[in-house]
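In what follows, a structure is listed as structure tokens, so that the remarks can point back to it.
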Amino acid sequence: MGKNEAVDVLVIGAGPSGTVAASILNQKGFKVKIVEKQQFPRFVIGESLLPRCMDNFARAGFIDAIEKAGFQKKFGARFSGVNAHCEFDFSIQHTPGWTWTWQVQRARFDHILATEVEKMGVEVSYNQEVTGVLFHGDEEITTTVVGLDGTVRTIDSRFIVDASGYGRVLPRLLHLDRKSDFPERSSFFTHVLPEKEITGKERNQIIIIVHTNGVWGWVIPFDDGTSSIGVVGSPEQIGRFDGSEEARMRQWIEEVPTLKERFTRGEFKFKPRTISGYSASVSQLYGKGFVLTGNSAEFLDPIFSSGTTFATESG
């Protein structure tokens, strides 16, 4: 393959999808390298897991490292509406499997997975942006990578796993993007320290808020007493309040009973953020020499904690 740096598999992105894929490939004896555009730890949304993730983390060899971090354990979900509530208990199953999982601050969580896969012998290079991919033929791919300092280098590989998430590297470079069939949606969220800590059964659940037609929300308690909260709807619905980000979030808290009773005088840990138009699709999920995993492939509203589950399963 020439004089460039050479590996069997190049993984783009060091999130859960990329690290799960890299660990399993490494176990199979392949030489794997991960390139990541950002520096970890870094914030990302998508903090509540499903038990199916546990099988994937176990296969990747990550369970012990995650357990030591002391993340909040999660045993189920609570669906909360104006006049009705129902619960989903992970221990009630039709087939054997994990009966619990975690709720995680993704900055710390993703960093743990990336550090663990490095301990296994997989090199992770941060602040590295993929700007070009050239397919020479059977099992010959050259990827151009630009560092934060502007340094350009090339990496030869036999295969590429694109786990770049919202970056969607290969869909952009290979013109695989396709307009999503889902309507445009926006999410508005923050982390908050409530005046009174969430205790009891709710501590071990995600609360899924059924608010109005087309608008839903979440409450995800963490191990440090803070919670992730957010609302999801059309851009018009989510953006209908005026004022600063904090003022708008206070108005949402006042309007949604499930949020109001828990977070009226809560302390925001960062300025509320908005992500819009995140649903995405592609014309193909894989091709000769590459595969798309996680959000790089498809993305839709992650109701019931499906986002990281799809990411790790595809990884």
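- Taking hydrophobic clusters as Ile, Leu, Val, Met, Phe, Trp and Tyr residues chained together by side-chain heavy-atom distances below 4.5 Å, Phe241 shares a cluster with Val215.
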Next on the checklist: Under the criterion salt bridge (Lys or Arg N to Asp or Glu O under 4.0 Å), I'd like the reasoning laid out for Glu47 against Arg106: C-alpha separation, chi angles, the key distance, then a yes or no.
Outcome noted: CA-CA 6 Å; Glu47 300 135 330; Arg106 285 286 302 278; over 6 Å; no

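- Contact check for Leu49 versus Thr309: no side-chain heavy atoms found under the 4.5 Å cut-off.
- Considering only heavy atoms from C-beta on, Val117 stays 4.5 Å or farther from Asn26 through its side chain.
- Checked against Ser17 for a side chain to side chain contact (heavy atoms under 4.5 Å, CB included), the options Asp162, Thr293, Thr308 give a single hit: Thr293.
- Inter-residue side-chain proximity for Leu113 and Phe57 is flagged as met; some heavy-atom pair is nearer than 4.5 Å.
- Residues Glu267 and Lys269 are paired through a salt bridge, judged by an N-O separation under 4.0 Å between the basic side chain and the carboxylate.
- Hydrophobic clustering of Ile, Leu, Val, Met, Phe, Trp and Tyr side chains at less than 4.5 Å, counting indirect connections, unites Met120 with Ile63.
- Under the 4.5 Å side-chain heavy-atom criterion for Ile, Leu, Val, Met, Phe, Trp and Tyr, Ile229 and Val44 are members of distinct hydrophobic clusters.
- Ion pairing between Glu245 and Arg248 fails under the 4.0 Å rule for side-chain N and carboxylate O.
- Side chains of Ser186 and Thr274: a donor-acceptor N/O pair is absent below 3.5 angstrom, by distance only.
- When only modelled atom types and interatomic distance are considered, Ser228 and Trp218 share a side-chain donor-acceptor pair under 3.5 Å.
- Interatomic distance, CG of Asn56 versus CD1 of Ile24, reported as 7.0 Å (0.5 Å rounding).
- Using a 4.0 Å cut-off between charged nitrogen and carboxylate oxygen, Arg250 and Glu246 count as a salt-bridge pair.
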Next on the checklist: Pair Ser80, Thr258 - check side chain to side chain donor-acceptor pair (under 3.5 Å), show working.
Outcome noted: CA-CA 7 Å; Ser80 178; Thr258 300; 2.8 Å; yes

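- Taking the ring axis of Phe270 as reference, the NZ or CZ atom of Arg273 stays within 45° of it and closer than 6.0 Å to the ring centre.
- Side-chain contact of Lys271 with Thr190: a donor-acceptor pair under 3.5 Å is absent, judged by distance alone.
- Ser234 and Gln237 share a donor-acceptor pair across their side chains, judged by distance under 3.5 Å alone.
- With rounding to the nearest 0.5 angstrom, the CZ atom of Phe189 is 8.5 Å from the CE atom of Met249.
- The neighbour count for Asn83 CG, taken as heavy atoms of other residues, nucleotides or ligands under 6.0 Å away, does not exceed 12.
- The distance from the CH2 atom of Trp100 to the CZ atom of Phe90 is 12.0 Å, given to the nearest 0.5 Å.
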Checklist entry - Going through the checks in order, is the ring pair (Phe, Tyr, Trp, His ring centres under 6.0 Å) test met by Phe88 and Phe79? => result CA-CA 8 Å; Phe88 189 96; Phe79 290 82; 7.6 Å; no

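- Note that CD1 of Ile160 and CD1 of Ile141 are 4.5 Å apart. Values are rounded to the nearest 0.5 Å.
- In the displayed structure, Arg59 atom CZ is contacted under 6.0 Å by at most 12 heavy atoms of other residues, nucleotides or ligands.
- The shortest side-chain heavy-atom distance between Val145 and Ile155 falls under the 4.5 Å cut-off.
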Checklist entry - Taking it one step at a time, do Ile208 and Ile206 satisfy side-chain contact (heavy atoms from CB on, under 4.5 Å)? => result CA-CA 6 Å; Ile208 299 172; Ile206 179 176; 4.2 Å; yes

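- With hydrogens and angles left out, the side-chain atoms of His191 and Thr226 include no donor and acceptor closer than 3.5 Å.
- Residues Phe263 and Ser227 form a side-chain contact, since some pair of their non-hydrogen atoms from C-beta on lies under 4.5 Å apart.
- Side-chain contact check for Glu5 versus Arg153: some heavy-atom pair is nearer than 4.5 Å.
- Contact between Val104 and Phe71 at its shortest, heavy atoms only, is CG1-CG, 3.7 Å.
- Counting heavy atoms from C-beta on, the side chains of Phe188 and Ile275 never come closer than 4.5 Å.
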Next on the checklist: Would Arg240 and Glu255 count as a salt bridge (Lys or Arg N to Asp or Glu O under 4.0 Å) here? Give the steps.
Outcome noted: CA-CA 12 Å; Arg240 64 187 175 85; Glu255 177 173 299; 2.4 Å; yes

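- Judged purely by distance below 3.5 Å, without hydrogens or angles, the side chains of Asp223 and Gln103 never pair a donor atom with an acceptor atom.
- Ion pair Arg262/Glu202 flagged as a salt bridge, since at least one NZ, NE, NH1 or NH2 atom sits closer than 4.0 Å to an Asp/Glu carboxylate oxygen.
- Salt bridge status for Arg78 with Glu87: present, with a side-chain N to carboxylate O gap under 4.0 Å.
- Both Phe109 and Val124 are members of a single hydrophobic cluster when ILVMFWY side chains are connected at heavy-atom separations under 4.5 Å.
- Note: Phe40 and Tyr126 have tilted aromatic rings, judged against thresholds of 30 and 60 degrees for the angle between ring planes.
- Of the possible polar contacts, one joining the Gln72 side chain to the Arg203 backbone as a donor-acceptor pair under 3.5 Å is found.
- Cluster membership for Phe222 and Val192, using ILVMFWY side-chain heavy atoms within less than 4.5 angstrom, is not shared.
- Between the CG atom in Leu292 and the CG atom in Leu176 there is a gap of 6.0 Å [rounded to 0.5 Å].
- Between Leu50 and Trp98 there is no side-chain heavy-atom pair separated by less than 4.5 Å.
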Next on the checklist: Pair Arg52, Glu313 - check salt bridge (Lys or Arg N to Asp or Glu O under 4.0 Å), show working.
Outcome noted: CA-CA 8 Å; Arg52 179 58 186 167; Glu313 185 74 7; 2.8 Å; yes

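- Under the 4.0 Å criterion applied to side-chain N and carboxylate O atoms, Asp8 and Arg158 are assigned as salt-bridge partners.
- Counting non-hydrogen atoms of other residues, nucleotides and ligands closer than 6.0 Å to NZ of Lys33 gives a total above 12.
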